[in-house]
Amino acid sequence: MIVTKFGGSSVADSSQFKKIKAIIEANPARRVVVVSAPGKRFSGDTKVTDYLYTLGSHLKYGVPDDRLWNAVIERYREIKESLALDIDIEAELAAYARTFGASIDQNALVSRGEYFCARLMSSYLGFTFVDAADVMRFSYDGKLDVVESEKRVRAAYEKYGKIVIPGFYGAYPNGDINLFSRGGSDITGSYLARFLGASIYENWTDVSGIRSADPRLANNPKAIARITYEELRELSYMGANVLHEDSILPVQECGIAINLLNTNDPSHPGTIITQDAGQGMPITGIAGKKGFMSFVIRKKHMSGEIGFFRKVLEIFERFHISIDHTPTGMDMFGVIVSEEQAAKHTHSIIAEIENDLGAEVTLDRDISLIAIVGRNMAGHYGICASIFQIFRDNEINVKLLAQSPDELNIIVGINGVNHAKAIGALYDGLCAAELL
Ligand code: ASP
């Protein structure tokens with residue numbers, strides 16, 4: 001049995017729905033379908049989810065704007081009418097709109113993007129609609145209750161055999177809706193594959209698998225045929241916008257492979273994400289992320305003061321800031337964190353480190369981190385030499401270098417202004433050196 005998940009652009013309109021039907025009918029093992037909300041039909045279009053977030057704010061602050069909800073209705077109406085579906089989606093939408101008011105539950109409102117899409121998809125495919133609120137259950141701490149959810153998902157599948165489930169949301173024990181973070185339908189699909197012991201989790205989008213670098217920055221980067229879960233997690237964390245980061249572990253833990261496929265080109269094999277991706281080039285891919293900053297902490301004789309490092313890190317912990325790297329010198333070290341996470345607390349953190357720990361703090365902003373990732377890099381000498389040569393040839397200063405102990409990734413920190421140039425140059429240079 002295969003769990004399939006279709007992303008926003010794959011369910012954007014009736015012509016996309018037709019492609020999905022052909023895909024589902026091409027393989028009878030595709031019995032579970034998870035859908036996102038209708039996404040962009042063309043660049044510059046608006047996703048239904050984005051309309052709903054905006055609508056939520058309008059309702060909350062009492063600024064009615066019929067255009068937003070009408071735009072949402074129109075997306076579903078087009079699908080229903082073009083496919084001549086036997087479902088009164090207009091009545092369902094109208095009934096929901098009667099609940100609009102300043103106290104509307106924002107999560108519930110946003111979740112309707114997926115909900116109504118799944119209602120239409122179930123009618124079109126002839127699969128049973130299962131509301132995610134009934135099967136994907138959260139505890140009050142916001143974590144998915146995997147035991148309860150597994151029980152409910154299995155029961156629904158055993159009862160109906162072929163099901164369509166909206167992604168992205170579930171419910172607390174009292175029925176209130178809770179959302180995963182943006183792009184979270186990937187997570188729903190991943191848990192369903194796990195709960196049902198799927199042979200594979202197919203994740204359908206609008207690209208034919210993963211490229212070895214961002215195609216907007218690198219010159220025609222190669223497609224990756226096979227990649228390990230760990231490699232993908234490293235690349236996703238560092239900005240490769242492929243799958244929701246949290247959608248990998250649930251299937252990884254039980255060894256279910258993910259196949260990333262293209263709804264618009266279904267015969268392309270896409271990318272397989274698996275435990276054993278085999279031998280290949282040393283480097284699998286490059287990804288980069290802007291927007292990091294370094295708190296540079298200096299204190300005389302710091303290296304002899306046992307516990308100083310811990311005391312500094314505890315301050316970041318208290319502000320719930322996750323630390324990415326800590327490059328260390330003799331009487332100084334840097335704490336590299338995401339600027340977005342640290343923004344609100346920057347001054348308080350400096351104050352605590354300076355006043356309580358007697359150190360001096362300066363900030364180094366606008367750092368870009370670039371990850372060079374590959375399961376076959378371990379034990380392969382000369383990779384750093386090639387990387388440094390590329391930076392030298394392109395006159396880019398390296399501020400930080402870190403390699404994970406398993407040699408799965410090499411992280412280079414540079415000035416944000418050089419971000420695009422560095423990724424383009426690394427891609428070309430590492431290909432030319434036959435490392436990628
Ligand atoms: N529709 C939601 C979003 O736009 C969730 C998803 O598509 O996975 O983030």
Side-chain angles (χ1 to χ4, degrees), residues 3-13 16-17 19-20 32-57 68-69 71-76 79 93 96 105-122 129-133 135-136 138 142 144 149 153 164-171 177-194 201-207 210 232 236 239-251 258-264 273 340:
V3 170
T4 61
K5 179 260 166 178
F6 292 88
S9 59
S10 299
V11 292
D13 61 17
Q16 295 300 87
F17 266 55
K19 295 178 191 170
I20 293 179
V32 175
V33 177
V34 179
V35 290
S36 285
K40 294 186 182 188
R41 293 160 292 182
F42 43 84
S43 81
D45 196 15
T46 304
K47 297 179 179 189
V48 164
T49 305
D50 289 326
Y51 275 130
L52 294 172
Y53 272 111
T54 313
L55 176 62
S57 311
L68 292 167
W69 183 240
V72 172
I73 295 177
E74 189 41 42
R75 298 292 296 269
Y76 295 115
I79 296 170
L93 287 157
Y96 184 63
D105 178 339
Q106 301 283 328
N107 286 347
L109 174 62
V110 169
S111 75
R112 295 306 86 180
E114 271 69 14
Y115 174 89
F116 289 115
C117 184
R119 296 283 301 141
L120 291 173
M121 186 61 79
S122 107
F129 170 80
V130 173
D131 190 352
V135 291
M136 296 296 281
F138 288 88
L144 190 73
S149 301
V153 166
V164 175
I165 302 190
F168 190 37
Y169 73 94
I177 298 288
N178 187 32
L179 303 174
F180 289 115
S181 56
R182 292 297 305 260
S185 301
D186 285 343
I187 310 175
T188 309
S190 181
Y191 275 109
L192 291 186
R194 178 193 175 111
Y201 169 30
E202 290 183 347
N203 192 292
W204 293 83
T205 65
D206 53 7
V207 289
I210 311 171
L232 184 70
S236 306
N241 194 3
V242 196
L243 268 177
H244 193 296
E245 220 190 307
D246 298 340
S247 68
I248 301 171
L249 266 185
V251 279
I258 308 172
N259 193 180
L260 293 177
L261 291 154
N262 188 350
T263 304
N264 306 318
I273 304 151
E340 197 188 340

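Predicted, not measured: the structure shown is a model, and the values here were computed from it. Just follow the structure's listing: the first ligand is 1, and inside any ligand the first atom is 1.
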Suppose we measure from [atom] to each protein heavy atom; which comes out shortest, and what is that distance?
{"atom": "atom 6 (C) of ligand 1", "value": "Ser185 OG, 3.4 Å"}
{"atom": "atom 7 (O) of ligand 1", "value": "Ser36 OG, 3.0 Å"}
{"atom": "atom 4 (O) of ligand 1", "value": "Arg182 NH2, 2.8 Å"}

Report task. With the side chain counted from C-beta on, respond yes when Asn262 and Trp204 share a heavy-atom pair under 4.5 Å apart, and no when they do not. Result -> no
Answer with yes or no whether [X] contacts ligand 1, where contact means a heavy atom under 4.0 Å from a ligand atom.
{"X": "Gly184", "answer": "yes"}
{"X": "Glu114", "answer": "yes"}
{"X": "Gly183", "answer": "yes"}

Query - Step-by-step ring-ring contact (aromatic ring centres under 6.0 Å, His included) determination, Tyr201 to Tyr191 - result: CA-CA 10 Å; Tyr201 169 30; Tyr191 275 109; over 10 Å; no
Query raised in the report: According to the salt bridge (charged side-chain N to carboxylate O under 4.0 Å, His left out) rule, which pairs have a member within residues 106-120, sequence neighbours left out?
Result: Glu92-Arg119
**Report entry** Val34: which of Val164, Leu192, Ile187 passes side-chain contact (heavy atoms from CB on, under 4.5 Å)
**Finding:** Leu192
**Report entry** Centroid-centroid distance, Tyr115 to Phe129, less than 6.0 Å
**Finding:** yes
